[in-house]
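The structure appears below as structure tokens.
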Amino acid sequence: MTATPLDQRDREALFADLGAQCFDLAVIGAGVTGAGIARDAAQRGLSVALVEAADFASGTSSRSSKMIHGGLRYLAQGDLGLVREAASERKIVRAIAPHLAIQTPFVIGARSATAVAKLRAGLWTFEKLGGVDRDHVHEMWSAKELAEREPAMRTEGLVGALVYPEYLTNDARLTLANVMDARAHGAVVVSRAAVESFEIESGRAIAAAVVDTLPGGTSHAARLRAKVFVNAAGPWVDAVRALESGAADPRLALSRGIHIVVAHKRAPVQRTLIIPAGGGRSIFVVPKGEVTYIGTTDAFFAEAQFWPPIAREDVLYLLEAANARLSGRPLLTSDITAAWSGLRPLVAQAGKGASEVSRRDEVWTGPGRVIAIAGGKLTAYRRMAERVVDQVEKALGRRPSPCRTADSPLPGGERTPTQIRPTLSRLGDAAAARLIGLYGAAAPSVLGGARAEAAHAVLAEGALTLEDYWVRRSGRAWFSTDGGLKALEPAAKAMAPLLGWSEAHTAAEIEVCLTRRAHDMAEVIGDGDH
Ligand code: FAD
């Protein structure tokens, strides 16, 4: 199937398409959960609409730790089902989108022979449960090997380390790839389109009022009719449930997690380090191109927000934990080049702390028969989608048809990074790795720096603002040592003619990004260096 561009510019036509038919399924929210559901349903031949209140992946699905992981942590919580599912989903994401599941070793230091034995027992169980291939099983390094291979890690007090492979992804691009594939299979997909209310008839939601949230685009609206609605609104699931029932009956517990970013030369780790951070928690120190990111935290947060604050005490907690195990000059707040904060849409469990709440997903059917899904992980999004689409087909009165999302590549995943690399022979390794990680097999058509990438973002990836490109399409805001600032002007200039921006509008787009960054960095730096 040829890819259909995800162009979002013709708002009139997009809103007309939303109102033009009664869909089998309307999905509310294009984070990874909603995007995965829309892709699966469209592949099975259902007529599908996918509406997103802001930009694709602009909620939690761009704020994660960006790991497709086997769920070792769930083993400690005794949740063997989750371990099995996470481990098998990890393999599938690697097969359908190899550019979005880059294998990286994770390193855990051990302080004693007892700790080694305990960790090894855990890893063996994990490998057995997850059906881990022989060449992907863990290794044990002595303290001497650890010091030689990972000199950025302080090894005092360690007897050695356990090293095992996991995968790093780009959460926003994984979401976008699912959105693009849903579109390619015929779904009507509209961003900046928020559901504001439902029409309920005979105990069933028959339509939703959808309004354009693009600044200046408020005149567009649609009456979106569907036989089944799915609420995949992440941290806003309760708010959408309240639209359906007319009453607040919260089921979610939001947990905030932040990440900080430093130049890779300030934390020159070669692999992802897992470092204890007290209270039974650990943090990750992750190398990513020219930067290293450090995260995360886990604490309840009261309300759903697109830009939850980057709490200063969380920044200091991450710095302290990282400094305890990183060699070299201690990291200070002034070393931080970027930071992000996100909210986990967890299913509340009475009496449990944020880090103890299960990461399992749950599905509820509301009083208007709207199916709501919350909880879960990026890693298992495809399986979650499969279960929900089975339920949607049953609600449509048919037997669930086979799910094919594990067998066909996501856009960009048609070839492996090794196969793509020779097509970028003019680029150095770092630039090639960045482009392959963003675009996969499409990388050769996006050569030409920020200008070419920004134009591609508008024409093929549904970007409507400079921030869409800067934060989510290119990752420059967080993963360039300059915060992507140098790219803002060329990108804005490339987007302006395509989006009909005046000079004043173009300047305002740049200003929005600069203000965003100034705000985030002010939260990070606080009252001075620490
Ligand atoms: P979102 O991505 O928030 O999507 C919901 C969407 O609904 C939003 O885009 C929103 O704009 C839209 N919406 C809301 N209201 C409306 C409306 N009225 N109309 C239309 N649209 C609406 N998982 C992993 O597997 N690996 C990790 O390493 C990992 N790390 C994490 C670290 C942190 C700090 C956090 C916060 C989470 C992490 N997760 C991780 C979990 C993972 O990120 C989430 O489970 C997942 O992204 C949730 O996706 P979602 O689609 O349900 O929600």
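All of these numbers come straight from a predicted model, not from anything done at the bench. All values below come from the heavy atoms of this structure, side chains included, with hydrogens, waters and symmetry mates left out. Order of listing sets the numbers, starting from 1, for every ligand and every atom in it.
For the residue pair R192 and T213, no side-chain donor N or O sits within less than 3.5 Å of a side-chain acceptor on the partner. When only modelled atom types and interatomic distance are considered, Q305 and E303 share a side-chain donor-acceptor pair under 3.5 Å.
Note that K66 lies in the cation-pi zone of W340, set by a 6.0 Å cut-off to the ring centre and a 45° limit from the axis.
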Identify every side-chain donor-acceptor pair in residues 18-33 under 3.5 Å, counting partners at least two apart or on other chains, and give the distances.
from	atom 1	to	atom 2	distance (Å)
D24	OD1	K227	NZ	3.1
D24	OD2	S47	N	2.9
D24	OD2	S47	OG	3.3

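Only one option out of H138, H136, R271 pairs with P165 in a side chain to side chain contact (heavy atoms under 4.5 Å, CB included); it is H136.
Between E461 and R173 there is a salt bridge, with a side-chain nitrogen of the basic residue lying less than 4.0 Å from a carboxylate oxygen of the acidic one.
Pocket lining of ligand 1, defined as residues with a non-hydrogen atom under 4.0 Å away: I28, G29, G31, V32, T33, V51, E52, A53, G59, T60, S61, R63, S64, S65, K66, M67, H69, A193, A194, V195, A232, A233, G234, P235, W236, V240, G257, H259, T296, F306, G342, L343, R344, G376, K377, L378, T379.
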